[in-house]
Enquirer: 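Got a structure for you, written out below as structure tokens; questions coming shortly.
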Amino acid sequence: MSPEEYAEALEEERRVRNDRARYEVREEHGGWLLSRCNGARQSWGVTRYVNQETAELAAGILNRLKEDEA
């Protein structure tokens, strides 16, 4: 495998991993629920916030950390 092919394979693996799960925020029962959603659109709640801006900030940070990790 050439260095270019190897770099391309790593980039593809990173893209696939990042597409698998995302953190999303939605309004639920008078609060803001931070959920982790997988590629099959299944989701589970992580935590609940009272403030929408805080919930979206947390989702943004977690999504960025996930991308950096990949």
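As the structure is a prediction and not an experimental result, all values here were calculated from the model. Below, all heavy atoms of this structure are taken into account, side chains as well, without hydrogens, waters or symmetry copies.
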Enquirer: I need the minimum non-hydrogen distance between G45 and S35, along with the two atoms involved.
Expert: CA-OG, 4.0 Å
Enquirer: What distance separates R64 CZ from L62 CG, expressed to the nearest 0.5 Å?
Expert: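 Answer for the CZ-CG pair, R64 versus L62, is 13.0 Å.
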Enquirer: Within the 4.5 Å heavy-atom criterion, are Y23 and V46 side-chain neighbours or not?
Expert: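 Yes, close enough: below the 4.5 Å cut-off.
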Enquirer: State, yes or no, whether a side-chain contact exists between R22 and N63 at a heavy-atom distance under 4.5 Å.
Expert: yes
Enquirer: Would you mind reporting whether Y49 and L34 have side-chain heavy atoms less than 4.5 Å apart?
Expert: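 Result yes, sub-4.5 Å side-chain heavy-atom pair found.
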Enquirer: Could E28 and R26 be called an ion pair, given the rule that one side-chain N must be under 4.0 Å from one carboxylate O?
Expert: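 Looking at E28 and R26, the cut-off is met.
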Enquirer: Please give me the minimum heavy-atom distance between E27 and W32, naming the atom from each residue.
Expert: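 Smallest interatomic distance, heavy atoms only, reads CB-CZ3, 3.5 Å.
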Enquirer: Contact between R36 and W44 at the side-chain level, heavy atoms closer than 4.5 Å - yes or no?
Expert: yes
Enquirer: Grab the two heavy atoms, one from A55 and one from V25, that are nearest each other, plus how far apart they are.
Expert: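 Minimum heavy-atom separation between A55 and V25: O-CG2, 3.4 Å.
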Enquirer: So does E53 get a backbone contact from the side chain of E56, meaning a donor-acceptor N/O pair under 3.5 Å?
Expert: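 A pair under 3.5 Å: no.
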Enquirer: For the CD atom on E8, are there more than 12 heavy atoms of other groups (residues, nucleotides or ligands in this structure) within a distance under 6.0 Å?
Expert: no
